[in-house]
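Remember, predicted model here, so these are calculated numbers, not experimental data.
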Amino acid sequence: MGNTVKVTIAGVNYALKTEETATFTKQLAKELNSKMVEIKNANPYISTNQIAVLLAMEYASNCKKAEQTAEKLKGEMKDYLEDAAKAQSERDFYKREIDRLKEETKAKSQQINLFSDEDE
């Protein structure tokens, strides 16, 4: 189920069906309209269609870059998780080794105590 949100972009009214909230959709429309006005003011001879294509290319570029950044971050996160798992495995190994050495030390200490009791 979607929302119908009324917006105005470049002087044209639109009734947009969207899954997004009205506030979010209106904010996007406001930003888009603002960019279109900015471009039109900088170059009064450019058509609305040309502005729309320029902005579509800009947004597509930004979207592609964001996707690439997200993929890079996913890869880095995977590496960090693998490093963390390896560190945890090493920690567990050394914990077991410490426990083994403690037991070994305890056993040797008991042997020493046995020998010292025999000397008395």
Side-chain angles (χ1 to χ4, degrees):
M1 145 166 81
N3 302 319
T4 299
V5 182
K6 294 180 181 181
V7 297
T8 302
I9 302 171
V12 178
N13 295 323
Y14 297 93
L16 304 175
K17 282 214 173 260
T18 179
E19 296 297 319
E20 304 297 340
T21 65
T23 302
F24 180 79
T25 303
K26 287 179 181 184
Q27 182 61 40
L28 289 178
K30 182 179 176 183
E31 287 178 26
L32 182 59
N33 187 65
S34 176
K35 284 186 173 267
M36 292 185 83
V37 168
E38 182 182 321
I39 293 170
K40 185 70 170 176
N41 288 340
N43 185 354
Y45 301 107
I46 193 169
S47 73
T48 302
N49 285 344
Q50 289 171 319
I51 294 171
V53 169
L54 289 173
L55 287 175
M57 288 297 294
E58 180 183 335
Y59 285 127
S61 173
N62 291 343
C63 182
K64 182 58 85 178
K65 288 175 185 175
E67 287 173 356
Q68 290 169 345
T69 299
E71 285 301 314
K72 181 180 176 191
L73 290 173
K74 282 181 190 176
E76 289 175 3
M77 185 179 286
K78 181 181 175 192
D79 292 344
Y80 293 142
L81 290 173
E82 287 172 359
D83 288 347
K86 182 179 175 186
Q88 185 175 14
S89 177
E90 288 176 4
R91 182 205 66 197
D92 291 347
F93 168 78
Y94 287 116
K95 222 175 171 184
R96 286 189 304 273
E97 187 64 11
I98 288 170
D99 290 343
R100 185 188 68 75
L101 290 171
K102 281 181 182 177
E103 287 298 318
E104 189 177 300
T105 302
K106 184 178 175 184
K108 287 184 180 187
S109 177
Q110 288 173 349
Q111 284 179 343
I112 290 171
N113 286 339
L114 284 176
F115 288 127
S116 19
D117 287 345
E118 290 176 3
D119 292 337
E120 292 178 9

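Qualifying side-chain hydrogen bond (donor to acceptor under 3.5 Å, both in side chains) partners for Glu67, counting only residues two or more places apart in sequence or in other chains: none. Every residue two or more places apart in sequence or in another chain was checked for a salt bridge (charged side-chain N to carboxylate O under 4.0 Å, His left out) with Glu90, and none qualifies. Considering only residues two or more places apart in sequence or on other chains, Lys108 meets the salt bridge (charged side-chain N to carboxylate O under 4.0 Å, His left out) condition with Glu104. In terms of the side-chain hydrogen bond (donor to acceptor under 3.5 Å, both in side chains) criterion, residue partners of Ser47 (sequence neighbours excluded) are, by chain and number, Gln50. Contacts of Thr4 classified as side chain to side chain contact (heavy atoms under 4.5 Å, CB included), with partners at least two apart in sequence or in another chain: Ala15, Lys17. Not counting sequence neighbours, Lys72 has no partner by the salt bridge (charged side-chain N to carboxylate O under 4.0 Å, His left out) test. Applying the side chain to side chain contact (heavy atoms under 4.5 Å, CB included) test to Arg96 and every residue at least two apart in sequence or in another chain returns Asp92, Phe93. The side-chain hydrogen bond (donor to acceptor under 3.5 Å, both in side chains) search around Asn13 returns Thr8, not counting sequence neighbours. Not counting sequence neighbours, the partners of Leu81 by the side chain to side chain contact (heavy atoms under 4.5 Å, CB included) test are Met77. With sequence neighbours excluded, no residue forms a salt bridge (charged side-chain N to carboxylate O under 4.0 Å, His left out) with Glu82.
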Next on the checklist: Please evaluate residues Ser61 and Met57 with respect to the criterion side chain to side chain contact (heavy atoms under 4.5 Å, CB included), reporting the C-alpha separation (whole Å), side-chain torsions for both, the decisive distance (0.1 Å), and the verdict.
Outcome noted: CA-CA 6 Å; Ser61 173; Met57 288 297 294; over 6 Å; no

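Nearest approach of Ala10 to Asn33, heavy atoms of both residues: N-OD1, 2.7 Å. The heavy-atom pair separating Glu20 from Asn3 by the smallest distance is O-ND2, 2.8 Å.
Of the possible polar contacts, one joining the Thr105 side chain to the Leu101 backbone as a donor-acceptor pair under 3.5 Å is found.
Here Ile9 sits in one hydrophobic cluster together with Val5, Val7, Val12, Tyr14, Leu16, Leu32, Met36, Ile39, Ile46, Ile51, Leu54, Leu55, Tyr59; the rule is ILVMFWY side chains under 4.5 Å apart, joined directly or through other members.
For the atom pair Gln88 CD and Lys95 NZ, the distance stands at 9.5 Å (nearest 0.5 Å). Taking CD of Glu76 as the reference point, atom OG1 of Thr69 lies at 10.0 Å (rounded to 0.5 Å).
The pair Arg100-Glu103 fails the salt-bridge criterion, with no side-chain N (NZ, NE, NH1 or NH2) lying under 4.0 Å from an Asp/Glu carboxylate O.
Sorted by first and then second residue, the salt bridge (charged side-chain N to carboxylate O under 4.0 Å, His left out) pairs with a member in residues 34-52 read Lys35-Glu58; sequence neighbours excluded.
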